[in-house]
Amino acid sequence: MKFWQKTYLSVLIVFLIAFDLGAYGLLKKSYELNEQLDVSRGMSVYGSIENSLSYILRVYAERTGSTRYESIIASFAENYYKEDILLEVYQADRLIFSNAYQFAGNRAELQAEHPYQSVYRKMNGELWLFIGGKMEFRDFRLVMSRNSDYLQDYYVTLRQYFITLSVVISVLLSAALIFLLFQLTAPIRRLNKGVKAIASGAYDRRVTARGNDEFGELAQDFNRMADAVSNHVETIKKASEDKEMFINNLTHELKTPITAIKGYSEFLNHANHNEEERKMAVRYIHEHITRLDVLSGKMMQLLYLKSGEVALEPIPIHNLFAYVASMERHHLEAKQMTIRTECLADVVHGDQELLQSMFINLVENSIKASPLGGEIELRSYASGEGVVLEVLDQGRGIPEKDIAKITEAFYVVDRSRSKELGGIGLGLSICNQIAQLHHASLRIESEENKFTRVSVFFTTPQQLEN
Amino acid sequence: MAKILIVDDEKAINDLIAVNLKMVGHEYVQLYSGDQVVKTLNETRIDLVILDVMLPGRDGFEIVQDIVKRGVPVIFLTAKNSVSDKVHGLEIGAEDYIVKPFEAVELIARIHVVLRRNQKAANEFKLDDTIVDLDKHMVTVHGQEIEITNREFQLLDLLVQNKNIALSREKIIEQTWGFDFYGDTRTVDVHIQKLRKKLNWENRIKTIYKYGYRLEV
């Protein structure tokens with residue numbers, strides 16, 4: 001059952017019970033008051049009858065001395081009979097006159113001592129008021145009875161009225177309640193619709209939040225939750241896309257050497273080849289096994305870096321540059337190149353081996369890009385709070401459209417050339433990873449056929465703490 | 001034999017396809033990027049293009065329409081193994097789609113099918129005194145037509161397609177009898193014996209020890 005239906009039923013039931021109890025109490029009280037009024041009216045009528053009759057009987061007895069009262073009582077009663085008042089007169093316990101219907105049963109009004117006793121009694125479906133008491137005259141008793149059926153009619157009419165009223169009010173109340181509840185629960189339905197849409201995957205949907213009642217609050221909170229969820233979903237999606245891209249690239253990188261090795265070994269085994277073809281096949285097999293070896297090494301490094309956390313220690317920049325230059329001297333000599341270093345800042349905080357690895361990667365890239373006899377510049381300087389280390393070459397440069405993507409794993413600008421130079425597109429990705437571990441950022445500036453400058457912006461340990 | 005254009009930026013793979021094509025007697029032209037494809041097609045008569053999808057410059061999916069427009073069939077060669085890529089490749093006009101790493105026999109069989117579908121395959125094969133008419137399924141030795149069963153002809157066709165390349169008995173069964181063949185690999189030996197006798201190719205069809213057979217040309 002829906003909330004508005006529950007509310008509707010509860011309110012209606014509570015109202016009906018309250019209304020009917022009230023109406024019943026009112027009815028009862030009103031009937032009692034009417035009855036009291038009827039009795040007191042009856043009493044006064046009885047009083048006057050009794051007075052008159054006692055008087056008449058006393059005068060009659062004094063004047064005539066007769067004890068036959070029946071005829072005089074009868075003519076007296078005649079007058080009241082016209083007013084629907086019936087009388088019974090007892091002498092001691094003997095009935096000496098009655099124009100009322102005689103019935104058996106307990107008659108409390110006959111036992112009444114002073115003053116009078118009134119009893120309501122139902123006779124043939126009609127309500128009668130009986131009032132009885134001792135008369136002043138001798139030991140006579142008088143019982144008066146009068147039809148009080150109007151009391152019952154009044155009761156029935158009133159009850160009928162209340163029932164009708166209760167039905168009418170219920171109908172009106174129902175209509176009003178349904179209308180109100182529908183209006184009041186509209187935000188819930190809107191909320192519900194929005195929630196359902198979001199639950200079924202429309203993470204960009206938001207519920208319309210109006211007003212500052214609980215529903216408005218709930219809607220706002222819900223929207224905040226949806227924002228958080230959609231942000232997370234975005235992040236996860238991005239991560240999964242990155243991962244898929246990485247895996248696609250990795251698959252490609254693996255498939256090429258595997259295809260070559262498999263193809264050439266098959267060729268050596270089954271084809272009717274000559275010596276020259278054999279040499280070529282063996283050369284390619286060797287080349288691609290080397291490539292797989294390099295790839296697995298770099299992959300291991302990249303995976304290790306992704307899971308790591310480094311201790312930052314002060315490292316003299318001069319030593320770092322000197323180490324990189326000495327490690328690369330064979331490559332440099334092969335291309336008759338020189339390295340120039342300039343240290344305007346002295347110390348950088350980081351992991352020595354990782355920084356060495358990063359700058360060897362960067363310098364190797366520069367060597368590959370540079371022409372014969374070129375020069376590479378390693379510089380360090382302070383910038384704001386932090387230290388910047390940069391590698392500058394006057395080489396081939398990077399096309400502008402590729403700069404943004406160049407740190408992605410397996411991204412290479414010129415595949416065929418890169419392969420000749422033994423690159424697989426992981427070097428800068430590793431550098432980027434190392435930079436991130438140091439909370440540093442990589443900035444690459446380049447102009448084609450002019451220069452490439454890779455700057456690493458380090459943050460100081462103090463900045464990190466803030 | 002057909003002239004085939006190989007477009008793959010990996011020199012090793014490009015050369016691998018080239019040596020295999022050379023073995024079975026096709027001519028070939030090698031390109032290492034997509035940029036020269038149209039120029040080459042304009043200058044040289046090409047029967048078929050083997051096209052890598054991931055190429056520097058214009059990639060395979062971009063170039064394929066230029067090639068198909070000239071009525072030259074294309075077989076894609078790629079490391080991407082997803083169904084959607086395959087469907088996409090075939091939808092934009094490629095005749096076939098081969099995923100790396102591939103087997104030489106499979107590559108050659110697919111090339112053969114595409115060439116034949118486009119009526120660019122040679123319909124005659126001559127060796128010694130034997131002439132095989134691949135369209136009419138007719139074989140003549142010394143000018144005399146010899147009787148040959150349908151199965152024997154299929155086997156002969158396979159050997160001719162893959163000349164100079166060893167075919168394993170399993171590969172022969174798969175290509176000639178189909179996957180649902182329940183017989184012995186010796187069935188292959190029996191058929192090879194019959195072919196050798198009928199065609200006078202005792203020295204041409206070489207037995208490769210513990211592997212299969214090779215037609216040497």
Side-chain angles (χ1 to χ4, degrees), chain A residues 244-292 295 399 401-402 405 410-425, chain B residues 7-25 31-35 52-57 59 77-82 85 98-108 162-168 171 204-206 208-217:
Chain A
E244 197 186 315
M245 176 120 148
F246 182 81
I247 287 173
N248 275 343
N249 286 327
L250 180 62
T251 311
H252 187 264
E253 280 314 305
L254 285 173
K255 281 231 173 137
T256 304
I258 287 169
T259 306
I261 294 164
K262 191 173 178 235
Y264 283 110
S265 57
E266 195 188 41
F267 177 76
L268 285 179
N269 225 352
H270 308 317
N272 196 9
H273 53 79
N274 60 32
E275 180 58 19
E276 198 187 319
E277 285 161 349
R278 191 192 67 80
K279 276 185 181 162
M280 179 189 76
V282 171
R283 182 168 52 81
Y284 275 133
I285 290 173
H286 184 258
E287 198 175 278
H288 282 92
I289 286 173
T290 312
R291 195 160 136 188
L292 278 180
L295 178 65
K401 65 179 168 62
D402 294 307
K405 295 191 221 160
F410 298 113
Y411 192 88
V412 287
V413 174
D414 181 347
R415 263 162 45 106
S416 47
R417 237 190 97 78
S418 180
K419 294 290 146 67
E420 274 170 43
L421 300 168
I424 48 175
Chain B
V7 191
D8 196 319
D9 62 320
E10 291 287 342
K11 198 163 185 314
I13 308 294
N14 204 318
D15 285 350
L16 176 66
I17 299 167
V19 289
N20 279 301
L21 292 180
K22 192 175 143 204
M23 278 297 132
V24 298
L31 283 181
Y32 303 99
S33 81
D35 302 330
D52 189 20
V53 175
M54 279 170 85
L55 283 172
D59 77 16
L77 187 66
T78 176
K80 290 184 180 177
N81 195 13
S82 73
D85 269 347
I98 299 174
V99 176
K100 292 176 191 173
F102 52 86
E103 273 184 69
V105 178
E106 193 194 351
L107 176 70
I108 286 157
N162 293 286
K163 50 188 167 298
N164 284 327
I165 293 174
L167 292 163
S168 67
K171 200 80 201 171
R204 289 298 187 179
I205 303 176
K206 286 263 162 64
I208 312 294
Y209 179 62
K210 278 192 173 173
Y211 187 73
Y213 298 96
R214 178 166 66 206
L215 176 62
E216 292 196 348
V217 182

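Computed over heavy atoms, backbone and side chain alike; hydrogens, waters and symmetry mates excluded. A, B, ... follow the sequence lines: proteins, then strands. Residue 1 opens every chain.
- With a threshold of 4.5 angstrom between heavy atoms, K11(B) approaches chain A through its backbone and through its side chain.
- For the atom pair E103(B) CD and T259(A) OG1, the distance stands at 12.0 Å (nearest 0.5 Å).
- Annotation: maximal heavy-atom pairing with chain A below 4.5 Å, among I13(B), I208(B), D15(B), I165(B), occurs at D15(B).
- The two residues K255(A) and K100(B) come nearest to each other via the heavy atoms CD-O, 2.8 Å.
- Separating the CG atom in L16(B) from the NZ atom in K262(A) is a distance of 10.5 Å, to the nearest 0.5 Å.
- At distances below 3.5 Å, not a single donor-acceptor pair connects side-chain atoms of E10(B) with backbone N or O atoms of T256(A).
- Closest approach of R214(B) to H270(A), counting heavy atoms only: NH1-O, 2.6 Å.
- What you find for A12(B) and H288(A) is that their closest heavy atoms are CB-CE1, 2.9 Å.
- Both the backbone and the side chain of Y264(A) come within contact range of chain B, each with at least one heavy atom under 4.5 Å from a heavy atom of that chain.
- The 12-atom threshold is not exceeded at CD of E276(A), counting heavy atoms of other residues, nucleotides or ligands nearer than 6.0 Å.
- Summarising the geometry of M23(B) relative to N272(A), their closest heavy-atom pair is CE-O, 3.5 Å, with the distance given to 0.1 Å.
- Considering all non-hydrogen atoms of both residues, V19(B) and E277(A) come closest at CG1-CG, 4.4 Å.
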